[in-house]
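Here the structure comes first, spelled out in structure tokens, and everything after it is commentary.
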Number of protein chains: 2
Amino acid sequence: MVSYTPAAMKAELHERGWRMTPQRETILNTFQNVAKGEHLSAEELCELLKEEGEPISLSTIYRNLKLMSRMGILRELELAEGQKRYEINQPSPHHHHHLICVRCNKTIEFKNDSVLKAGAKMADKSGYHLLDCQLLIHAVCPACQRSIMPV
Amino acid sequence: MVSYTPAAMKAELHERGWRMTPQRETILNTFQNVAKGEHLSAEELCELLKEEGEPISLSTIYRNLKLMSRMGILRELELAEGQKRYEINQPSPHHHHHLICVRCNKTIEFKNDSVLKAGAKMADKSGYHLLDCQLLIHAVCPACQRSIMPV
DNA sequence: GAACTTTTAGATATTATTTGCAATAAGATG
DNA sequence: CATCTTATTGCAAATAATATCTAAAAGTTC
Ligand SMILES: [Mn+2]
Ligand SMILES: [Mn+2]
Ligand SMILES: [Zn+2]
Ligand SMILES: [Zn+2]
């Protein structure tokens with residue numbers, strides 16, 4: 001897991017016969033500049049880019065979110081119900097995990113290097129090339145424990 | 001995280017004014033008897049029950065998979081692309097995590113109690129009531145590293 | 001810059017999941 | 001046990017996230 005510059009991303013794309021495009025660079029830059037703790041969905045990213053005056057079509061966004069996740073540049077998160085969210089994939093000092101309330105989707109990020117190390121070790125032991133390692137904790141937050149909401 | 005008997009599930013449903021039904025008991029039994037390492041999707045569960053002569057409608061299955069996940073009886077996994085999979089949620093000696101190849105979806109289960117403990121501790125520290133704790137490792141398996149597949 | 005290949009935008013298709021509703025049945029109450 | 005209330009079911013229809021198709025545009029190579 002490494003942090004990518006546009007140049008590094010371009011190099012890695014070229015290794016596989018692929019191309020760097022303005023859209024890919026825009027997406028990379030956007031994720032690198034978005035506030036810490038933000039997890040964008042495809043739709044949200046599309047809206048954000050539209051507002052910022054550099055629109056990219058939704059299908060291109062979908063294609064590249066998947067591509068960049070599979071390259072290890074982004075991490076794909078299934079936090080809330082029904083749609084995937086993405087954030088930049090960063091190495092150790094910034095790497096983190098997620099604790100999510102299954103009722104209200106309130107999410108807490110937390111760091112735990114020993115968990116990351118355990119994940120990296122497991123991948124290595126099995127000969128897998130690590131892309132992302134995320135501890136996902138599903139739970140009920142204090143507020144929702146008090147409420148009488150359906151499940 | 002506890003293993004549920006039908007009676008325990010019934011008791012917990014009643015606490016919230018809900019009911020135990022034959023369908024819910026069938027789903028619970030099915031997950032408790034399915035082979036270790038099997039992760040069923042809603043559709044697959046529906047087919048399996050049809051074959052076994054106790055069919056349950058797909059919408060009921062969807063409703064109950066969600067309910068039982070939010071009760072902590074099942075765990076909801078996003079392993080492959082495009083659909084959720086479920087397995088019974090078991091405590092420590094059987095509890096495990098998943099290492100997944102993002103290209104071919106080959107999945108390895110592994111145990112790591114210290115990761116589970118770290119997750120439980122984090123939930124507790126934040127006042128969250130723990131339902132499930134899963135380390136998800138996205139990686140590329142040895143076979144796929146050798147192939148020239150797209151991404 | 002010509003030839004070749006990948007990528008894009010936009011429209012359309014796909015499909016997992018949810019929802020509305022009438023019928024059914026769980027569980028409570030007397 | 002008979003009755004009553006209301007949660008739950010099955011089926012059909014709706015929804016929404018994501019994938020795919022195609023022609024046009026833009027990187028790459030020579
Ligand atoms: Mn995060
Ligand atoms: Mn498993
Ligand atoms: Zn909550
Ligand atoms: Zn693989």
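Letters go in sequence order (proteins before strands), and every chain restarts at 1.
- When rounded to the nearest whole Å, the span between CG of B/Leu77 and P of C/dA16 equals 17 Å.
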Short N/O separations, protein against nucleotides 18-20 of chain C, under 3.5 angstrom:
unit_1: C/dT18; atom_1: OP1; unit_2: B/Lys66; atom_2: NZ; d: 2.9

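- Taking the six-membered ring for Trp, B/His98 and B/His96 have ring centres closer than 6.0 Å.
- Map B/Gly82 and B/Lys10 each onto its nearest nucleotide of DNA chain C; the residue landing nearer the 5' end is B/Gly82.
- Side-chain nitrogen and oxygen atoms of A/Thr21 include at least one within less than 4.0 Å of the OP1 or OP2 phosphate oxygen of C/dT8.
- Note: CG (B/Leu45) to P (C/dT17) measures 12 Å, nearest angstrom.
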Note to self: Show, in sequence, the C-alpha distance, side-chain angles and deciding distance for A/Met68 and A/Phe31, and conclude whether the side chain to side chain contact (heavy atoms under 4.5 Å, CB included) test is met.
What the structure shows: CA-CA 11 Å; A/Met68 292 167 75; A/Phe31 276 104; 5.5 Å; no

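- Here the side chains of B/Glu109 and B/Lys36 are in contact, with some heavy-atom distance below 4.5 Å.
- Nucleotide C/dT8 holds its P atom 11 Å from the CE atom of A/Met20, rounded to whole Å.
- A side-chain hydrogen bond (donor to acceptor under 3.5 Å, both in side chains) check over residues 112-125 of chain B, counting only residues at least two apart or in different chains, returns the pairs B/Ser92-B/Asp113, B/Asn112-B/Ser114.
- In this structure, of C/dA9, C/dT6, C/dG27, it is C/dA9 that holds the atom nearest to the side chain of A/Thr60.
- Distance, A/Glu54 CD to C/dT8 P: 14 Å, rounded to whole Å.
- B/Leu99 places a side-chain heavy atom less than 4.5 Å from the side chain of A/Tyr128.
- Rounding to whole angstrom units, CD of residue B/Gln23 and C1' of C/dT24 are separated by 10 Å.
- Straight-line distance from the NE2 atom of A/His14 to the C1' atom of C/dT6: 11 Å, rounded to whole Å.
- Separating the CZ atom of A/Arg16 from the C1' atom of C/dT5 is a distance of 18 Å, rounded to the nearest angstrom.
- Per the geometry, CG belonging to B/Leu40 stands 17 Å off C1' belonging to C/dT17, to the nearest Å.
- Using a 30° and 60° split on the angle between ring planes, A/His97 and A/Phe110 fall in the tilted class, from 30° to 60°.
- Taking CG from A/Leu136 and NE2 from A/His138, the interatomic distance works out to 4.0 Å, rounded to the nearest 0.5 Å.
- At least one side-chain heavy atom of A/Leu13 sits under 4.5 Å from a side-chain heavy atom of A/Met9.
- Note that the first and last nucleotides of DNA chain D, 5' to 3', having any atom under 4.0 angstrom from a heavy atom of chain A are D/dA17 to D/dT28.
- Position along DNA chain C of the nearest nucleotide to A/Arg24 versus B/Pro22 favours A/Arg24 as the more 5'-ward residue.
- The base of C/dT6 is paired with the side chain of A/Arg19 by a donor and an acceptor separated by under 3.5 Å.
- Formation of a donor-acceptor pair under 3.5 Å by the B/Glu44 side chain with backbone atoms of B/Ser41 is found in this model.
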